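Reckoned from all heavy atoms, side chains included, excluding hydrogens, waters and symmetry mates. The structure displayed is predicted, hence computed values, not measured ones.
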Amino acid sequence: MVRKMIKNKKVGLVLGSGSAKGLSHIGVIKFLKEMDIKIDYIVGSSIGAMIGGAYAAGISINEIEDIALKTDLASSVKYFLPTISKSGLISGTKVKKFIEDTVGDIEIENLKIPFVATATDIFTGEEIDFNKGNLVEAIRASISVPIIFQPVIYNNQILVDGGLANPLPINVACKMGADFIIAVNVIPLLDKTNTGKKKENNNLQNSTFTAEMKSAMRKKLEALNIDYKWVKKLLTNKGKYNVPGLKKVLNQSIYITQRKLVQLTIELYRPDILIEPNVPSVGFFDFYKAREIIDIGYKAAQKAFYENKLLTK
């Protein structure tokens with residue numbers, strides 16, 4: 001039913017940025033494969049470039065899923081161990097090796113499906129579209145989250161994550177010749193209900209501190225002329241607001257900018273099918289939650305096709 005309705009259309013699949021949330025792209029492609037929808041073009045930004053590039057290289061979606069499911073917490077830690085380079089916490093060497101082992105040494109021009117990966121020139125803010133050249137280099141540039149990953153130097157440009165300039169590159173799919181566009185956006189809606197106000201106060205009595213530990217701490221602080229009451233308040237986190245940690249601040253800072261860009265892109269280019277997997281409680285590097293995220297992507301694709309009346313029960 002679905003295949004017939006888009007017959008003679010050039011289908012472009014746009015896979016947006018979103019770090020670990022982007023594993024939902026795997027579920028989307030699984031659904032499209034089951035529906036026998038031929039993908040003519042793939043455009044990917046950041047994690048979308050990694051998954052889209054692998055699929056364009058001829059790696060089956062089942063193989064890609066298997067790789068994702070084998071990535072446990074220990075593997076995630078291994079790939080993202082800080083190396084503290086001059087311009088990023090992680091050099092990206094291990095991640096690049098992982099990409100090489102997955103897709104091999106192949107040029108974008110030789111992929112089974114025409115493919116483009118987007119990156120961003122960190123100095124000019126210009127969107128850089130990789131439609132030729134080494135696939136590994138293109139993916140490595142596209143996933144280079146600033147501060148986290150060391151940027152990629154390519155053709156005398158310093159390149160970082162494609163999501164900064166274009167987190168959902170629908171326009172690129174249009175340029176490639178797609179006349180039926182399926183766009184997958186995993187950037188979450190901004191939570192306007194969470195004001196940061198504390199719902200309940202923790203207290204030191206409920207913590208893991210024993211009476212002996214508290215007494216010892218108090219004596220040491222007094223010896224240093226430090227006010228114990230001030231430290232206790234800090235430890236118990238009493239006060240009006242919960243101050244977010246570094247991870248939360250990083251996530252929100254990137255999502256705020258990207259969500260606004262995504263909304264503008266959708267308004268300008270209006271994809272034929274917009275799939276927005278709602279992936280809750282997943283941080284930037286939570287790749288070990290693959291099973292849950294992939295399932296969410298599959299169900300979101302199914303729902304979008306039903307809502308657009310391209311699939312009937």
Side-chain angles (χ1 to χ4, degrees), residues 14-29 43-55 64-65 67-73 75-82 88-92 94-96 98-99 102 117-120 122 138-152 159-169 183-191 244-262 275-297 300:
V14 180
L15 304 176
S17 63
S19 60
K21 292 177 185 285
L23 291 176
S24 55
H25 294 322
I26 297 172
V28 170
I29 296 175
V43 184
S45 179
S46 196
I47 183 66
M50 180 177 284
I51 293 171
Y55 191 66
I64 295 172
E65 181 180 30
I67 292 169
L69 294 177
K70 288 175 183 175
T71 304
D72 56 13
L73 181 56
S75 300
S76 296
V77 171
K78 179 182 73 175
Y79 290 127
F80 299 113
L81 276 175
L89 295 175
I90 302 169
S91 69
K94 290 181 180 177
V95 172
K96 183 177 179 180
F98 168 77
I99 299 169
T102 303
T118 66
T120 305
I122 192 61
I139 294 173
R140 172 65 181 85
S142 189
I143 66 170
S144 297
V145 180
I147 308 301
I148 301 299
F149 281 108
Q150 183 176 324
V152 170
L159 304 180
V160 295
D161 196 292
L164 266 70
N166 198 346
L168 191 66
V184 188
N185 169 44
V186 297
I187 303 297
L189 288 167
L190 301 177
D191 184 3
L246 183 61
K247 181 181 176 183
K248 182 69 172 178
V249 170
L250 174 65
N251 285 355
Q252 286 300 103
S253 298
I254 294 176
Y255 288 152
I256 287 169
T257 303
Q258 290 189 335
R259 185 70 203 190
K260 291 182 182 297
L261 284 173
V262 164
I275 301 170
E276 295 193 283
N278 180 20
V279 187
S281 305
V282 174
F284 243 67
F285 306 117
D286 291 349
F287 291 95
Y288 59 93
K289 297 180 180 179
R291 169 51 63 202
E292 172 193 354
I293 302 170
I294 291 169
D295 288 345
I296 290 172

Within this structure, what is the [atom1]-[atom2] distance for the pair [X] and [Y], rounded to the nearest 0.5 Å?
X: Asp286; Y: Leu23; atom1: CG; atom2: CG; value: 10.0 Å
X: Ser17; Y: His25; atom1: OG; atom2: NE2; value: 7.5 Å
X: Ser24; Y: Asn278; atom1: OG; atom2: CG; value: 10.0 Å
X: Ile143; Y: Lys96; atom1: CD1; atom2: NZ; value: 11.0 Å

field: Partners passing salt bridge (charged side-chain N to carboxylate O under 4.0 Å, His left out) against Glu276 (at least two apart in sequence or in another chain)
entry: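 Testing Glu276 for salt bridge (charged side-chain N to carboxylate O under 4.0 Å, His left out), a comparison that skips the adjacent residues, returns Arg259.
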
Over all atoms of both residues, closest heavy-atom pair of [X] and [Y]:
X: Ile67; Y: Phe98; result: CG2-CZ, 3.6 Å
X: Leu261; Y: Leu164; result: CD1-O, 3.3 Å
X: Ile187; Y: Gly18; result: CD1-CA, 4.1 Å
X: Ile51; Y: Ile64; result: O-CD1, 4.1 Å
X: Ala117; Y: Ser142; result: CB-CB, 4.5 Å
X: Val262; Y: Pro167; result: CG2-CG, 3.6 Å

message: Counting C-beta onward and ignoring hydrogens, is there a side-chain heavy-atom pair between Pro169 and Val43 closer than 4.5 Å?
response: yes

field: Contacts of Ser144 that satisfy side chain to side chain donor-acceptor pair (under 3.5 Å) - sequence neighbours left out
entry: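 If we apply the side chain to side chain donor-acceptor pair (under 3.5 Å) test to Ser144, skipping adjacent residues, the hits are Arg140.
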
message: Run the side chain to side chain donor-acceptor pair (under 3.5 Å) test against Ser46 and tell me which residues pass, sequence neighbours left out.
response: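 For Ser46 the side chain to side chain donor-acceptor pair (under 3.5 Å) partners, ignoring immediate neighbours, are Asp161.
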
- prompt: Does the pair Leu15 and Ile29 meet the rule for a side-chain contact (heavy atoms from CB on, under 4.5 Å), with working shown?
  reply: CA-CA 10 Å; Leu15 304 176; Ile29 296 175; 4.2 Å; yes

task: Indicate yes or no for a side-chain donor-acceptor contact from Lys21 to the backbone of Val186 under 3.5 Å, with no hydrogens or angles considered.
output: no

